[in-house]
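Here the structure comes first, spelled out in structure tokens, and everything after it is commentary.
Every chain is numbered from 1, with letters handed out A, B, ... down the list of sequences.
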Number of protein chains: 4
Amino acid sequence: MSVNKVILIGNVGKDPEVRYLDSGVAVATFPLATSDRAYTLANGTQVPERTEWHNIVLWRGLAETAEKYVHKGDKLYLEGKIRTRSYDDQAGVKRYVTEIFVDSMEMLSPKAAGVAPQATVQPNVQQQSIQSQVAPAQDNGADDLPF
Amino acid sequence: MSVNKVILIGNVGKDPEVRYLDSGVAVATFPLATSDRAYTLANGTQVPERTEWHNIVLWRGLAETAEKYVHKGDKLYLEGKIRTRSYDDQAGVKRYVTEIFVDSMEMLSPKAAGVAPQATVQPNVQQQSIQSQVAPAQDNGADDLPF
Amino acid sequence: MSVNKVILIGNVGKDPEVRYLDSGVAVATFPLATSDRAYTLANGTQVPERTEWHNIVLWRGLAETAEKYVHKGDKLYLEGKIRTRSYDDQAGVKRYVTEIFVDSMEMLSPKAAGVAPQATVQPNVQQQSIQSQVAPAQDNGADDLPF
Amino acid sequence: MSVNKVILIGNVGKDPEVRYLDSGVAVATFPLATSDRAYTLANGTQVPERTEWHNIVLWRGLAETAEKYVHKGDKLYLEGKIRTRSYDDQAGVKRYVTEIFVDSMEMLSPKAAGVAPQATVQPNVQQQSIQSQVAPAQDNGADDLPF
DNA sequence: TTTT
DNA sequence: TTTT
């Protein structure tokens with residue numbers, strides 16, 4: 001038994017890229033930024049703001065919602081899980097990418113809010129089914145990569 | 001304004017490695033496994049169990065607690081944030097590691113439970129202060145790396 | 001747009017009570033205890049352990065899973081939402097009960113773990129559908145009350 | 001070992017009421033609304049939107065931040081714990097109130113966002129210390145009640 | 001490299 | 001009414 005849960009509120013770095021698998025399943029990807037506030041330590045050291053970029057992945061209905069309603073700059077609430085996949089780069093070296101597979105999405109930007117109809121996917125009947133078609137970099141071409 | 005929160009329940013893959021920075025600050029690292037349950041899709045496809053490995057990082061008091069009480073095989077509840085850092089590998093290629101910086105830890109294994117005294121760090125006066133001393137691979141030697 | 005999310009790890013106070021609505025839908029209820037650790041303040045004051053009791057409500061498949069596998073004393077991980085309902089007591093005074101409607105459950109007790117097959121409900125097609133049949137105390141009789 | 005965690009995103013129903021205890025500690029209270037989306041069941045039943053009201057309580061620095069920056073209508077992200085307390089009403093009947101004790105707050109309304117300086121309290125050295133001074137209704141007078 |  |  002285990003739990004793998006991520007909650008993010010942040011800003012969309014680029015318009016979503018949406019691909020459709022042969023099966024017709026939609027996959028959307030985009031970067032999301034979260035930022036730590038700058039602050040000062042007890043000893044006077046200034047710790048500057050730091051931005052963290054997350055590789056966001058949505059499937060099926062959520063991907064279609066993202067395609068319609070999510071834009072660069074939007075603020076989103078996302079709930080999902082951490083997923084690290086590996087691939088071999090051009091030099092044949094194994095590399096890793098950590099992504100957030102989203103289960104639930106809410107729009108926080110005023111313009112966007114209230115637009116998305118049904119922003120939650122059915123759990124367990126979802127991402128993993130098509131995982132093997134999505135993961136590999138080599139059969140997509142470099143410019144087709146989610147990230 | 002943003003939120004970057006991770007909640008994990010999983011099993012410790014190896015005993016924690018604990019290092020002490022020059023400042024005396026403790027840093028503990030270990031892998032934690034979470035697993036999706038195996039299940040069968042509507043179309044009959046069997047989706048096998050899949051294990052996700054998380055790179056866990058604890059600081060200061062939490063690192064010292066981990067050094068004393070956390071062992072391979074233990075089940076833990078962890079709350080923290082996602083942090084991706086980059087480093088240059090031996091070939092000079094930029095590589096990325098995603099880690100979970102822990103803010104709060106609870107022991108779920110019966111043996112371990114109830115032992116840890118104060119399993120929560122003081123937020124904001126914490127990890128980032130010593131970040132530059134910890135991140136780089138090059139000044140530590142390969143066998144000194146958290147992961 | 002909003003979020004109402006609760007995450008609990010605690011111990012079951014009593015065996016679940018399970019009822020079946022006329023529609024055949026199962027509803028399980030039980031109390032769950034969470035405890036703050038005792039600790040000492042900077043000024044020396046001892047703050048004792050404090051137990052919080054949560055009114056847990058599960059529906060449909062989750063209720064049936066609880067009926068089979070959840071017992072007094074078990075440790076559970078629960079994810080759900082807060083729900084406050086009102087009813088009129090015997091004296092006709094409006095009273096409030098706050099309950100946790102569970103979306104996802106995991107067994108943490110070693111004996112129980114691994115037994116439950118599909119511990120997540122389909123979101124949005126769930127609790128609210130039968131809410132009006134469940135809420136009122138007056139049409140159930142006092143001994144039929146969830147709590 | 002246990003976990004009692006609440007995550008809310010919702011709208012402030014009224015300007016915060018802030019009181020100062022004899023010790024100088026600030027306590028802020030206000031209602032926060034979260035709403036389920038309306039939706040239609042498989043059988044055609046319309047399930048209307050439903051608003052849930054949460055009794056929010058903040059202490060110390062967070063209460064002072066709320067006093068300065070939080071207003072009716074603002075959208076907030078809150079992280080905290082569930083706490084149910086009892087009191088005797090005018091008729092001497094024991095009554096219960098469930099409150100959310102906040103550990104962390106973020107402003108989501110554009111106007112407010114970015115204003116609050118340090119929106120996280122130090123855990124474990126916090127609410128419980130002054131609990132007995134705050135809980136009872138009877139020594140405060142009805143108009144002094146948080147809710 | 002963990003657990004069920 | 002549970003656990004450590």
Side-chain angles (χ1 to χ4, degrees), chain A residues 1-4 84 86 96, chain B residues 8-17 28-39 48-56 66 69-78 97 99-100 105-119 145-147, chain C residues 8-17 28-39 48-56 66 69-78 97 99-100 105-119 145-147, chain D residues 1-4 84 86 96:
Chain A
M1 172 279 159
S2 59
V3 171
N4 173 358
T84 298
S86 64
Y96 296 88
Chain B
L8 300 174
I9 298 178
N11 295 290
V12 175
K14 289 197 284 189
D15 281 354
E17 288 178 27
T29 61
F30 56 85
L32 186 92
T34 59
S35 305
D36 290 337
R37 246 189 288 269
Y39 62 92
E49 183 189 273
R50 184 181 181 283
T51 295
E52 185 74 33
W53 286 99
H54 308 270
N55 300 319
I56 306 299
Y69 300 113
V70 171
H71 300 100
K72 175 175 172 171
D74 284 352
K75 187 171 289 263
L76 298 181
Y77 170 91
L78 298 177
V97 194
E99 300 169 319
I100 308 301
M105 172 172 68
E106 298 277 355
M107 319 280 192
L108 293 171
S109 291
K111 1 136 188 196
V115 203
Q118 192 232 13
L145 261 183
F147 297 99
Chain C
L8 299 175
I9 297 179
N11 294 290
V12 175
K14 289 197 285 189
D15 282 354
E17 289 179 25
T29 61
F30 56 85
L32 186 92
T34 59
S35 304
D36 291 336
R37 246 188 288 268
Y39 62 91
E49 184 187 271
R50 184 181 181 284
T51 296
E52 185 74 33
W53 286 98
H54 307 270
N55 300 319
I56 305 299
Y69 301 112
V70 172
H71 300 101
K72 175 174 170 171
D74 284 353
K75 187 171 290 265
L76 298 181
Y77 170 90
L78 299 177
V97 194
E99 301 169 321
I100 307 302
M105 172 171 70
E106 298 275 358
M107 318 279 191
L108 292 171
S109 292
K111 357 125 189 208
V115 203
Q118 192 232 12
L145 261 183
F147 297 100
Chain D
M1 172 279 160
S2 59
V3 171
N4 172 358
T84 298
S86 65
Y96 296 87

task: Tell me what C:Thr51 touches on the nucleic acid: a base, only sugar-phosphate, or nothing, going by heavy atoms under 4.0 Å.
output: base

Please report the distance, rounded to the nearest Å, between [atom1] in [X] and [atom2] in [N].
X: B:Arg50; N: E:dT1; atom1: CZ; atom2: P; result: 18 Å
X: B:Glu52; N: E:dT4; atom1: CD; atom2: P; result: 20 Å
X: C:Leu32; N: F:dT2; atom1: CG; atom2: C1'; result: 8 Å
X: B:Asn11; N: E:dT2; atom1: CG; atom2: C1'; result: 5 Å
X: C:Tyr39; N: F:dT4; atom1: OH; atom2: P; result: 22 Å
X: B:His71; N: E:dT3; atom1: NE2; atom2: C1'; result: 17 Å
X: B:Glu106; N: F:dT4; atom1: CD; atom2: C1'; result: 11 Å
X: B:Ile9; N: E:dT2; atom1: CD1; atom2: C1'; result: 15 Å

task: Search all heavy atoms of C:Met105 against all heavy atoms of C:Leu78 and return the closest pair with its distance.
output: CG-CD2, 3.6 Å

Nearest to the side chain of [X], heavy atoms from C-beta on, is which of [options]?
X: C:Glu49; options: F:dT2, F:dT4, E:dT1; answer: F:dT4
X: C:Lys72; options: F:dT4, F:dT1, E:dT2; answer: F:dT1
X: C:Pro31; options: F:dT2, E:dT1, F:dT1; answer: F:dT1

query: Going by 5.5 Å between centroids and 30° between planes, is there a stack of B:Trp53 over E:dT2?
result: no

Any residue meeting side chain to side chain donor-acceptor pair (under 3.5 Å) with C:Ser35, in chain and number order, not counting sequence neighbours: C:Thr51

- prompt: Is the backbone of B:Leu8 close enough, under 3.5 Å, to the side chain of A:Asn4 for a donor and an acceptor to pair up by distance?
  reply: no

task: Determine, for B:Lys75 against B:Glu106, whether the closest basic-nitrogen to carboxylate-oxygen distance falls under 4.0 angstrom.
output: no

